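Comments concern the structure below.
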Amino acid sequence: MTVLRPVRAGNAFEETVERLLQAIKLGVVAPGDKLPAERELAARLGISRVTLREAIRALSDAGYLDVRRGRYGGAFVTYVPPKPDAGDLRQAVRKMGQDELSDALTFRLAVECGAAQVLATCELTEDRKAVLVRRLAELNQAGLDDYRRLDTAFHLSIAELTGSALLATTCADARSRISDLLNAIPMLQVNLDHAAVQHQAIVDAILAADPDAARRAVTEHLDGTAALLRAFLS
């Protein structure tokens with residue numbers, strides 16, 4: 001829930017919409033699930049409940065949320081990422097531009113490598129180790145429809161487990177910049193199998209408290225993702 005962080009007062013409505021949309025698109029709140037209760041969500045975002053309701057109404061009107069009333073009501077996520085499609089990928093890259101894409105990939109590489117290095121130097125409690133191992137297991141067991149969401153959860157958990165809210169927020173922002181591109185990459189079993197090996201290497205390096213190996217493992221993995229993007233764009 002790192003993405004649901006306090007917003008600035010000057011643009012409270014706009015930033016609230018941005019935070020909620022980021023949580024929805026990254027799959028922090030899965031399709032069909034309910035956003036946290038209004039009181040909790042307003043406190044997390046540091047806004048009034050009036051502003052929160054306006055933002056939820058805007059996202060409901062845009063088709064991202066379904067607001068239900070009554071005892072079992074709430075704001076339920078209706079957004080489902082589109083099916084992977086190379087044509088959608090090319091269109092998204094054209095919209096972004098090659099320079100911005102390169103910048104976004106470099107940004108992600110820097111912050112995710114940094115997060116893994118930091119986590120590998122932390123004295124992790126058994127509970128934190130268990131979270132990391134569980135995230136990997138959930139990803140390995142994911143079906144194609146849920147793979148990207150659980151992949152995001154795994155990657156973001158590395159930053160979150162460092163205990164640095166700033167680092168976790170930055171990693172979430174980096175992922176958000178390319179989430180539409182990642183969702184558009186066609187699912188290839190050989191690639192998913194390769195990614196599973198790389199994810200395991202990242203976890204092994206972190207649990208072995210080897211920051212250099214963690215950095216190398218993340219670099220190899222993200223370089224592979226960038227190469228796959230380029231392959232579908234050629």
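Just so it is clear, the model here is predicted, and its values are computed rather than measured.
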Between H194 and H221 (judged by ring centroids, cut-off 6.0 Å), do the two rings come close enough to count as a pair?
no
With L21 as partner, the option from L65, L26, L59 fulfilling side chain to side chain contact (heavy atoms under 4.5 Å, CB included) is L59
Correct closest heavy-atom pair for L222 and E112 would be CD1-CB, 4.0 Å
**Asked** Is I206 reachable from L109 through a run of I, L, V, M, F, W or Y residues, each pair having side-chain heavy atoms under 4.5 Å apart?
**Response** yes
query = Linking I/L/V/M/F/W/Y whenever their side-chain heavy atoms sit closer than 4.5 Å, directly or via other members, would L166 and I158 fall into one cluster?
reply = no
Do T225 and R108 pass the side chain to side chain contact (heavy atoms under 4.5 Å, CB included) test, and can you show the C-alpha distance, the side-chain angles, and the key distance before you say yes or no?
-> CA-CA 11 Å; T225 300; R108 183 191 180 200; 4.1 Å; yes
Between [X] (side chain only) and [Y] (backbone N and O only), is there a donor and an acceptor less than 3.5 Å apart?
{"X": "T51", "Y": "I47", "value": "no"}
{"X": "S102", "Y": "Q98", "value": "no"}
{"X": "S157", "Y": "L132", "value": "no"}

Quick test of your reading of the model: are [X] and [Y] salt-bridged, counting only N-O distances below 4.0 Å?
{"X": "D180", "Y": "R175", "value": "no"}
{"X": "E220", "Y": "R216", "value": "no"}
{"X": "E54", "Y": "R57", "value": "no"}
{"X": "R68", "Y": "D66", "value": "yes"}

Flag for S176-S179: side-chain donor and acceptor within less than 3.5 Å: no
### Query
Quick one: do the E18 and N11 side chains pair a donor with an acceptor below 3.5 Å?
no
Got a second to check how far [X]'s [atom1] is from [Y]'s [atom2], nearest 0.5 Å?
{"X": "L156", "Y": "L161", "atom1": "CG", "atom2": "CG", "answer": "10.5 Å"}
{"X": "R215", "Y": "Q117", "atom1": "CZ", "atom2": "CD", "answer": "5.5 Å"}
{"X": "R19", "Y": "L52", "atom1": "CZ", "atom2": "CG", "answer": "13.5 Å"}
{"X": "R148", "Y": "D146", "atom1": "CZ", "atom2": "CG", "answer": "12.0 Å"}

Counting heavy atoms not belonging to L188, are there more than 12 under 6.0 Å from its CG? yes
Original post:
Is it the case that more than 12 heavy atoms not belonging to D193 sit under 6.0 Å from its CG atom?
Top reply: yes
| query | So V29 and F76, side chain to side chain contact (heavy atoms under 4.5 Å, CB included) or not? Walk me through it. | reply | CA-CA 9 Å; V29 184; F76 293 81; over 6 Å; no
### Message
Go through it in stages, so that I can follow the logic: the residues are L45 and R5, the test is side chain to side chain contact (heavy atoms under 4.5 Å, CB included), and I'd like the CA-CA distance, side-chain angles, deciding distance and then a yes or no.
### Response
CA-CA 5 Å; L45 296 169; R5 60 194 185 276; over 6 Å; no
Please tell me if the side chains of [X] and [Y] come closer than 4.5 Å, counting only heavy atoms from C-beta onward.
{"X": "R69", "Y": "V67", "value": "yes"}
{"X": "R49", "Y": "L41", "value": "no"}
{"X": "K25", "Y": "Y64", "value": "yes"}

Q | Verdict with reasoning, L136 to N140, per side chain to side chain contact (heavy atoms under 4.5 Å, CB included) | A | CA-CA 6 Å; L136 178 60; N140 287 338; 3.7 Å; yes
